[in-house]
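Residue numbers start from 1 in every chain, and the chains themselves are labelled A, B, ... in the order their sequence lines are given, proteins ahead of strands.
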There are 2 protein chains.
Amino acid sequence: MHSFTEENYLKIIYALSTRQNGEVTTNALAEMTATKAASVSDMLRKLADKQLIHYKKYQGVRLTAEGERQALRVIRRHRLWEVFLVQKLGFGWDQVHDIAEELEHIRSEELVSRLDTFLGSPQFDPHGDPIPTPAGTMPQIEYRKLSDVSVGEEVTIMGVLEHSPEFLQHLDRSGLTLGCAVKVSEISSFDKSVQVHLSSEKSLFVSCEVTRNLLVN
Amino acid sequence: MHSFTEENYLKIIYALSTRQNGEVTTNALAEMTATKAASVSDMLRKLADKQLIHYKKYQGVRLTAEGERQALRVIRRHRLWEVFLVQKLGFGWDQVHDIAEELEHIRSEELVSRLDTFLGSPQFDPHGDPIPTPAGTMPQIEYRKLSDVSVGEEVTIMGVLEHSPEFLQHLDRSGLTLGCAVKVSEISSFDKSVQVHLSSEKSLFVSCEVTRNLLVN
DNA sequence: CAAAAAATTTAGGCGCGTCTAAATTTAATA
DNA sequence: TATTAAATTTAGACGCGCCTAAATTTTTTG
Ligand SMILES: [Mn+2]
Ligand SMILES: [Mn+2]
Ligand SMILES: [Mn+2]
Ligand SMILES: [Mn+2]
């Protein structure tokens, strides 16, 4: 089986290659893994030997079909554990990422399968991200960013693009939680900030840093 | 903080030193950790440097107060996770040890605390072993072995001394589960096997290999 | 109690995942 | 396009946890 480190690399390569498609760069991986480019090069050679990535020196890397399957297994475990932590243990959505980062490496098919059942086979994690299927495919969901919504539209908050605790706590304080209905009443031509009305009749201004990271439908 | 490996050593040293008190021997540790004596020596030097064990070369080893505290933290996590796996996910008591062996190393005070609350602050794990307190002390429980019970006595099964899946499955098949009331009706003078009556009116013979590993009160 | 046996530690080495410094390749620019 | 700059890989090293073989200490035994 693969080591924790290898699993982390696969997961990160998957995330980066969907974020900006095309080959994933060594430096980008070094930043995400909080290591140095030299360390990444070593690991890429190993992953290539194991046929988990396509790798031509100096040309960046891409997951093989098998590598993507493995990455999605890790992501599935991560997101299921996040659901558990929030829904069963009462953690806030801003607290669960680091813990799930460890839990995701516990390898027991039986455990994942029973956890999934226990949670009612959820489709989305606490951040609105889709949970890969047991078969190893990622459900494709199309959301718009709140920054792309026009004045007068009413939409529902479905997910976030930024997962930092700071951002999530900011949303909590603003009352912008998942499932929340918002109506765009005004868009500032000056700084692109957006005035929204919540179902609670409250209204507030949302900066474009926030609207760019909020997914709605 | 301590590595997975160090945590495993502490836990095993604790287990061995309560099983047969006095210093724990290098060879015993090598067998339990499934490594070689030379590897154990290396690790003992490291644990001694960290003040987690008392260690005089060739003289065996004993946990320091801090070492015991750390060991009990790991054991607490292990047993809480076992309760979770059995009570919430529906695993059998014979299936949970290896998974808990991984889960026990996830270090988050908050996680353990919330898990404990979620489980209703259980006092015992699925094998009847007491769960150490958050403060790091092991509840001392006095049980007798079924092999020490006299004819005519009625007792309740409270725990097991042997944790192998094979033994636990054997108990399942015999109907000897935790909390089960058994009345000793006869003890064979030939092989010390014991005839017991269950509350279900069934009776069966229990070999001395089994009675020696069943705790009752 | 001296010799043999058993237990334990030390010496030297290996794979993993990491690092810094140096070499190499690719991309940018004058 | 020839140089310079940036990105990437290679060389050599290190700590961790493990190994085998050899040395050392303790225990057993004739
Ligand atoms: Mn996460
Ligand atoms: Mn998430
Ligand atoms: Mn166990
Ligand atoms: Mn147990």
> Given atom CG of B/D42 and atom P of C/dG12, what is their separation to the nearest angstrom?
Replying inline: 14 Å
>> Looking at A/E66 and A/K50, is there a salt bridge between them, counting it only when a charged N and a carboxylate O are closer than 4.0 Å?
In response: no
> B/W81 vs A/W81 aromatic rings, parallel, tilted or perpendicular, using cut-offs 30° and 60°?
Replying inline: perpendicular
> Nearest-Å distance, CG (A/L44) to P (C/dC16)?
Replying inline: 16 Å
> Would one find a side-chain N or O of A/Y55 under 4.0 angstrom from OP1 or OP2 of D/dT9?
Replying inline: yes
> Taking atom P of C/dT9 as reference, at what distance in whole Å does atom OH of B/Y58 sit?
Replying inline: 7 Å
> According to the salt bridge (charged side-chain N to carboxylate O under 4.0 Å, His left out) rule, which pairs have a member within residues 158-169 of chain B, sequence neighbours left out?
Replying inline: none
> Taking the six-membered ring for Trp, are the ring centroids of A/Y9 and A/Y14 within less than 6.0 Å of each other?
Replying inline: no
> Quick one: is B/S41 getting a side-chain N or O under 4.0 Å of the C/dT10 phosphate, OP1 or OP2?
Replying inline: no
> What integer distance in Å separates B/K56:NZ from D/dT26:C1'?
Replying inline: 15 Å
> Between C/dT8 atom P and B/R45 atom CZ, what is the distance in whole Å?
Replying inline: 17 Å
>> Under 4.0 Å, heavy atom to any atom of DNA chain D: which of residues 23-39 of chain A qualify?
In response: A/T25, A/T26, A/N27, A/A37, A/A38
> So is B/K88 actually on top of B/F118's ring, under 6.0 Å and inside 45° of the axis?
Replying inline: yes
>> For the CD atom on B/E31, are there more than 12 heavy atoms of other groups (residues, nucleotides or ligands in this structure) within a distance under 6.0 Å?
In response: no
>> Can you classify the ring geometry of B/H127 versus B/H163 as parallel (below 30°), tilted (30 to 60°) or perpendicular (above 60°)?
In response: perpendicular
>> Expressed as a whole number of angstroms, how long is the span from A/M43:CE to D/dT8:C1'?
In response: 17 Å
> Any side-chain N or O of B/K57 under 4.0 Å from OP1/OP2 of C/dT10?
Replying inline: yes
>> Nearest whole Å is fine: how far is D/dC16 P from B/H2 NE2?
In response: 13 Å
> Within this structure, what is the CZ-to-P distance between A/F4 and D/dC16, rounded to whole angstrom?
Replying inline: 19 Å
